[in-house]
Amino acid sequence: MILANARTVTLSMNKMAKDKTVYVCDHCGQESTKWLGKCPSCGQWGTMKEFHVQSEKPSSAVVRAAMQAAGAEGKRKNRPQPVSEIRANEEPRIDMMDGELNRVLGGGLVPGSLVLLGGEPGIGKSTLVLQTVLRLQNQRKILYVSGEESARQIKLRADRLSSTGEPTSLLILTETSLEEIFRHIGEIQPDLVIVDSIQTIQTETVDSSPGSLSQIRECAASLLKYAKTAGGVSIILIGHITKEGTLAGPKVLEHIVDTVLQFEGDQHYMYRILRGIKNRFGSTSELGIYEMRHDGLRQVTNPSELLLSDNREGLSGVAIASAIEGVRPFLIETQALVSTAAYGTAQRSTIGFEGKRLNMLLAVLEKRVGFKLAQKDVFLNIAGGLKVTDPALDLSVIAAVLSSNVDAPIEGNVCMAGEVGLSGEIRPVARIEQRIAEAQKLGFKRMLIPAHNLKGINPHDYKIELVPIKKVSEAVRELFG
Ligand code: TYD
Ligand code: MG
């Protein structure tokens with residue numbers, strides 16, 4: 001760290017004449033005039049990276065040239081206008097011809113917006129964008145800029161993806177220089193520009209290597225300026241993030257762009273989840289689910305059916321929860337394994353569920369229901385590689401842990417939803433009707449729900465038997481007799 005610091009100082013001394021050097025946290029985007037070991041805003045160590053700001057704003061020159069070429073500047077002179085004259089009708093949206101993507105975007109792509117699609121390498125970002133633009137190619141003029149793959153590679157992939165005939169009008173440009181890209185944008189005047197990936201693009205105005213923080217920020221800022229001024233051109237940036245979610249880039253980019261979508265999933269599962277992290281034009285609670293196939297990503301419209309395994313009957317340590325992520329309910333399989341700790345301290349490990357919350361639930365079980373789990377290893381897994389934050393999962397976590405602990409399976413046609421409080425009470429959950437309807441649709445016969453939630457609903461409206469629960473101990477009695 002000290003070494004890096006020394007290097008940065010020498011660098012900035014050499015350039016002091018024309019540059020201002022600032023340090024930007026690549027975790028949260030906090031800026032500082034001097035290097036700091038710990039970011040004062042997010043508290044992360046070693047995340048402050050050097051960033052040169054040049055005195056004469058060179059990026060604007062590049063963008064201006066492109067906009068002039070595009071004839072955009074005259075088209076849209078910016079000036080103050082009375083609020084009464086601003087038209088506030090619905091933002092026009094571009095239909096991406098992909099239900100999942102449209103929903104996560106908040107009803108389609110907004111013309112003139114800058115969207116960042118982030119995700120780990122190899123998760124399927126290029127595939128998602130390419131298959132989308134192939135569907136759109138005959139309606140809009142689309143330029144797909146790739147700094148990652150050769151034109152031939154993209155063509156091979158496009159052939160594999162397009163089930164609906166030849167890719168025809170889509171334009172592919174393999175280029176990494178921002179100035180060149182703007183030159184082509186100026187000539188072609190596309191409606192939609194894809195940049196795959198922002199880490200590979202570099203501008204001459206910043207003399208650091210591609211992928212560095214200053215390059216990424218400068219390039220993104222120029223693209224943003226273009227999107228905002230060039231009358232309705234939307235830009236989709238693809239950005240890689242590492243496992244830790246850092247690396248120079250997307251975290252800092254989040255402040256610049258309008259919409260941040262994250263594509264996540266486990267390389268070993270075929271499910272991919274598209275999540276809105278930030279959206280100036282819609283809600284961020286939306287979720288899109290895809291399945292990676294040999295011929296591209298397929299939309300998953302009924303996730304529950306995919307997430308539940310068929311042969312869970314008779315297995316201990318499995319409980320089904322009716323969860324809601326975004327606005328969609330789906331049934332999720334919670335799996336737990338409880339075994340005697342082999343070494344002194346017991347292990348607690350979770351996949352797809354927050355570890356601290358598991359510890360809290362185990363403490364509730366110990367204190368309120370009298371199960372001794374301190375000497376036991378507890379492993380918890382949400383099936384399908386999903387990450388779930390819905391508190392209604394608590395009850396199924398407790399049920400799965402107990403089921404594994406006493407090695408007694410829970411009946412296959414039973415599911416549940418309920419948040420567990422510190423005193424062992426079952427707290428009500430949001431949108432219970434939707435959860436019940438989804439469970440019923442999938443053929444479940446009984447559902448444990450918080451007693452409080454029974455108030456607003458009529459149990460006779462449902463074919464599924466609803467079992468109201470007030471305390472964890474009641475749930476235990478209900479499930480294990
Ligand atoms: P890719 O879109 O290149 O990922 P990213 O742009 O996020 O780095 O896709 C990576 C993986 O997807 C690759 O390992 C192969 C797999 N894949 C399929 O399974 N089916 C397909 O149709 C395509 C195009 C890729
Ligand atoms: Mg890619």
Side-chain angles (χ1 to χ4, degrees), residues 96-98 100-101 104-105 115-137 142-167 170-176 181 192-202 210-211 215-216 219-220 223 235-251 253-254 257 259-277 287-300 306 384-387:
M96 303 301 273
M97 298 169 83
D98 176 331
E100 305 290 300
L101 185 58
V104 178
L105 283 168
V115 176
L116 171 68
L117 174 66
E120 288 168 23
I123 205 75
K125 300 179 296 297
S126 306
T127 308
L128 177 65
V129 173
L130 189 61
Q131 75 175 41
T132 306
V133 294
L134 282 172
R135 262 189 238 127
L136 286 176
Q137 60 177 337
I142 302 169
L143 178 65
Y144 187 107
V145 181
S146 179
E148 304 235 325
E149 287 153 312
S150 70
R152 213 180 76 88
Q153 277 173 310
I154 298 169
K155 164 73 175 151
L156 285 175
R157 184 186 297 214
D159 285 345
R160 198 143 63 98
L161 292 175
S162 67
S163 42
T164 52
E166 266 288 287
L170 175 68
L171 294 166
I172 306 282
L173 170 68
T174 49
E175 183 56 71
T176 56
I181 293 171
L192 175 61
V193 180
I194 313 293
V195 178
D196 183 4
S197 66
I198 186 72
Q199 270 100 349
T200 56
I201 309 299
Q202 59 178 327
Q215 283 286 1
I216 289 176
C219 292
L223 288 162
I235 302 182
I236 299 179
L237 304 177
I238 293 178
H240 296 301
I241 54 170
T242 56
K243 280 257 186 266
E244 305 81 49
T246 57
L247 194 82
K251 279 285 173 192
L253 281 180
E254 282 178 19
V257 301
T259 302
V260 182
L261 306 182
Q262 189 152 314
F263 209 34
E264 25 178 80
D266 193 308
Q267 299 257 355
H268 306 292
Y269 291 99
M270 42 200 200
Y271 313 115
R272 298 285 180 270
I273 294 179
L274 187 66
R275 215 186 268 277
I277 307 277
L287 210 66
I289 303 183
Y290 292 90
E291 183 188 0
M292 183 59 103
R293 300 268 199 104
H294 65 281
D295 58 350
L297 289 153
R298 189 183 68 94
Q299 303 172 42
V300 176
L306 278 166
L386 280 184
K387 280 196 203 77

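Please read all numbers here as calculations on a predicted model, not as lab measurements. Remember, it's 1-based here, ligands and their atoms both numbered in the order they're listed.
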Classify the contact between R160 and ligand 1 as side chain, backbone, both or neither, using a heavy-atom distance cut-off of under 4.0 Å.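 Side chain only.
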Pick one of side chain, backbone, both or neither for how M292 approaches ligand 1, counting any non-hydrogen atom pair under 4.0 Å. side chain
Provide the number and element of each atom of ligand 1 under 4.0 Å from a heavy atom of [X].
X    : answer
G296 : 21 (C), 22 (O)
T127 : 1 (P), 2 (O), 9 (O), 23 (C), 24 (C), 25 (C)
D295 : 22 (O)
R293 : 18 (C), 19 (O), 20 (N), 21 (C), 22 (O)

State whether S126 contributes an N/O/S atom found under 2.8 Å from the Mg ion (ligand 2).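 Short answer: yes, at least one N, O or S atom is under the cut-off.
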4.0 Å heavy-atom contact, G119 with ligand 1: no
Just going by heavy-atom distances, which of E149, Q153, R157 is nearest to atom 3 (O) of ligand 1? R157
Out of S126, P121, G122, who gets a non-hydrogen atom closest to atom 10 (C) of ligand 1? G122
Can a donor-acceptor pair be found, under 3.5 Å and without considering hydrogens, that links the side chain of K125 to the backbone of Q262? no
For H294, does its backbone N or O pair with a side-chain atom of R160 as donor and acceptor, under 3.5 Å?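 Confirmed, R160 side chain pairs with H294 backbone.
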Quick one: do E148 and S197 satisfy side-chain hydrogen bond (donor to acceptor under 3.5 Å, both in side chains)? Show the steps, please. CA-CA 7 Å; E148 304 235 325; S197 66; 2.7 Å; yes
Assess the residue pair L223 and I198 against the criterion (side chain to side chain contact (heavy atoms under 4.5 Å, CB included)); give the C-alpha distance rounded to whole Å, side-chain angles, the decisive distance to 0.1 Å, and a yes or no. CA-CA 10 Å; L223 288 162; I198 186 72; 4.1 Å; yes
Single hit among L287, L297, D98, L117 for side chain to side chain contact (heavy atoms under 4.5 Å, CB included) with L274: L117
